[in-house]
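The first residue of the sequence shown is numbered 1, and numbering continues consecutively from there.
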Amino acid sequence: MPDSKCPKKSESLWKGWDRKAQKNGLRCQVYAVNGDCYVGEWKDNMKHGKGTQVWKKNGAIYEGDWKFGKRHGYGTLSLPDQQTGKCRRVYSGWWKGDKKSGYGIQFFGPKEYYEGEWCGSQRSGWGRMYYSNGDIYEGQWENDKPNGDGMLRLKNGNRYEGCWERGMKNGAGRFFHLDHGQLFEGFWVDNMAKCGTMMDFGRDEAPEPTQFPIPEVKILDPDGVLAEALAMFKKTEERD
């Protein structure tokens with residue numbers, strides 16, 4: 001008696017199409033409905049590994065690491081220049097969860113950039129900012145503003161060293177007026193010096209020294225002042 005064999009069940013067409021549509025490994029070009037394009041590695045239908053994303057709306061380009069659909073690891077973000085039309089790099093550094101996190105360099109313009117630490121796409125931690133006017137700030141940052149200990153060096157060579165809060169001088173600090181050969185040391189509130197001491201500092205080597213040096217403050221008769229103070233102290237003890 002001949003053996004009877006059951007015919008194999010044919011797979012539904014939609015299952016085959018769905019299996020082919022699953023994105024895993026390296027893909028050439030995958031376009032989204034809105035026109036965005038991605039070239040790179042995938043895992044479980046998510047961008048994962050090395051890849052390049054081009055956003056159609058603003059022309060932004062990201063080249064670097066991805067993790068489960070988000071920029072994660074080291075990568076570079078570029079934007080088209082409005083004047084030349086060519087793409088220029090605006091950020092190179094580390095990412096976490098689609099946000100700048102860790103060490104990175106951000107370019108704000110041809111002569112203005114920041115190099116240092118980031119957290120949640122904001123400057124946080126230690127960093128150095130080069131401003132377009134020639135000033136340089138180096139120190140601590142928090143919530144995208146200087147906060148903590150830091151030094152601001154102006155283009156003319158003058159500098160402030162001290163405490164910062166919310167992007168302004170706040171707390172104890174020293175301002176070196178090197179162009180005039182003077183040093184102010186005191187306390188600041190919201191960029192305003194409230195109290196302190198001004199003294200000559202390298203006045204002889206200063207390019208534009210003040211017309212008159214700061215006179216030395218001293219007691220003409222220190223022994224007499226001390227004797228008078230001791231006498232007042234003895235009288236107070238006798239009364240008690």
Side-chain angles (χ1 to χ4, degrees), residues 91 93 100-237:
Y91 177 79
K100 302 163 193 167
S101 186
Y103 182 84
I105 302 176
Q106 171 86 38
F107 295 89
F108 298 94
K111 297 181 180 180
E112 187 165 298
Y113 65 97
Y114 168 86
E115 56 179 1
E117 296 175 319
W118 296 78
C119 183
S121 287
Q122 291 188 326
R123 290 167 285 187
S124 290
W126 180 93
R128 184 186 293 116
M129 180 71 195
Y130 295 85
Y131 297 94
S132 58
N133 62 359
D135 297 346
I136 302 174
Y137 171 82
E138 181 176 354
Q140 296 294 321
W141 294 74
E142 186 176 346
N143 297 327
D144 227 30
K145 294 181 179 180
N147 200 90
D149 293 330
M151 178 185 70
L152 176 65
R153 186 167 65 248
L154 304 180
K155 183 180 180 179
N156 62 3
N158 295 345
R159 70 178 186 270
Y160 169 82
E161 298 177 358
C163 298
W164 296 77
E165 186 178 339
R166 296 173 284 105
M168 295 181 286
K169 306 178 190 75
N170 274 287
R174 300 186 298 171
F175 197 102
F176 295 84
H177 299 269
L178 299 181
D179 54 345
H180 300 317
Q182 292 181 328
L183 166 64
F184 176 83
E185 187 170 3
F187 195 85
W188 303 70
V189 177
D190 292 347
N191 279 339
M192 295 292 292
K194 293 297 182 178
C195 62
T197 303
M198 181 72 81
M199 64 191 79
D200 285 329
F201 183 84
R203 184 174 178 276
D204 296 335
E205 294 82 20
E208 300 177 7
T210 53
Q211 184 177 2
F212 302 103
I214 298 176
E216 182 181 358
V217 179
K218 61 181 180 179
I219 300 175
L220 294 177
D221 185 15
D223 294 334
V225 173
L226 180 60
E228 184 179 351
L230 289 173
M232 292 290 292
F233 180 73
K234 290 181 179 179
K235 286 183 180 180
T236 303
E237 283 189 333

Exercise answer: donor-acceptor pairs, residues 101-109 side-chain atoms, under 3.5 Å, sequence neighbours excluded:
unit_1 : atom_1 : unit_2 : atom_2 : d
Gln106 : OE1    : Lys100 : NZ     : 2.7
Gln106 : NE2    : Val90  : O      : 3.3

Original post:
To the nearest 0.5 Å, what is the distance between CE (Met168) and NZ (Lys145)?
Top reply: 7.0 Å
**OP:** Of all the heavy-atom pairs spanning Ser124 and Cys119, show the shortest one and how long it is.
**Re:** CB-CB, 3.9 Å
Original post:
Can Arg123 and Asp144 be counted as an ion pair, charged N to O under 4.0 angstrom?
Top reply: yes
Subject >> Interatomic spacing from CD in Glu138 to CZ in Arg159 - rounded to 0.5 Å >> reply: 12.0 Å
**OP:** Please test Met129 against Glu112 for side-chain contact (heavy atoms from CB on, under 4.5 Å), starting from the C-alpha separation and ending with a verdict.
**Re:** CA-CA 8 Å; Met129 180 71 195; Glu112 187 165 298; 3.4 Å; yes
**OP:** Would you name the heavy atoms of Asn156 and Asn158 that are closest together and state the gap between them?
**Re:** OD1-N, 3.0 Å
**OP:** Of all the heavy-atom pairs spanning Gly157 and Leu178, show the shortest one and how long it is.
**Re:** O-CD1, 3.4 Å
Original post:
Do you know which two heavy atoms are closest between Arg203 and Pro209, and how far apart they sit?
Top reply: O-CB, 3.6 Å
Subject >> Glu115 to Trp126 - nearest heavy-atom pair and separation >> reply: O-CZ3, 4.1 Å
**OP:** Would you check if Leu183 and Phe176 make a side-chain contact, meaning some heavy-atom pair closer than 4.5 Å?
**Re:** yes
**OP:** Would you check if Trp141 and Trp118 make a side-chain contact, meaning some heavy-atom pair closer than 4.5 Å?
**Re:** no
Subject >> Qualifying residue, where the test is side-chain hydrogen bond (donor to acceptor under 3.5 Å, both in side chains) with Arg166 and the options are Asn143, Asp190, Asn147 >> reply: Asp190
**OP:** Provide the closest heavy-atom pair for Ala206 versus His180 in the form atom of the first, atom of the second, distance.
**Re:** CB-C, 3.7 Å
Subject >> Ring centres under 6.0 angstrom apart (Tyr130, Tyr113) >> reply: yes
Original post:
How many angstroms lie between atom NZ of Lys155 and atom CD1 of Ile136, to the nearest 0.5 angstrom?
Top reply: 11.5 Å
Original post:
Looking at side-chain heavy atoms only, is the closest gap between Lys169 and Trp164 below 4.5 Å?
Top reply: yes
Original post:
Taking the side chain as C-beta and beyond, is there a heavy-atom pair between Asn170 and Val189 under 4.5 Å?
Top reply: yes
Subject >> Distance, nearest 0.5 Å, that separates CD of Glu208 from CG of Asp179 >> reply: 6.0 Å
**OP:** Please assess Phe201 against Gln182 for the test side-chain contact (heavy atoms from CB on, under 4.5 Å), listing each intermediate value before the final yes or no.
**Re:** CA-CA 5 Å; Phe201 183 84; Gln182 292 181 328; 5.7 Å; no
**OP:** Classify the angle between the aromatic ring planes of Tyr160 and Phe175 as parallel (below 30°), tilted (30 to 60°) or perpendicular (above 60°).
**Re:** tilted
**OP:** Working to the nearest 0.5 Å, report the span between CZ of Arg128 and CE of Met151.
**Re:** 8.5 Å
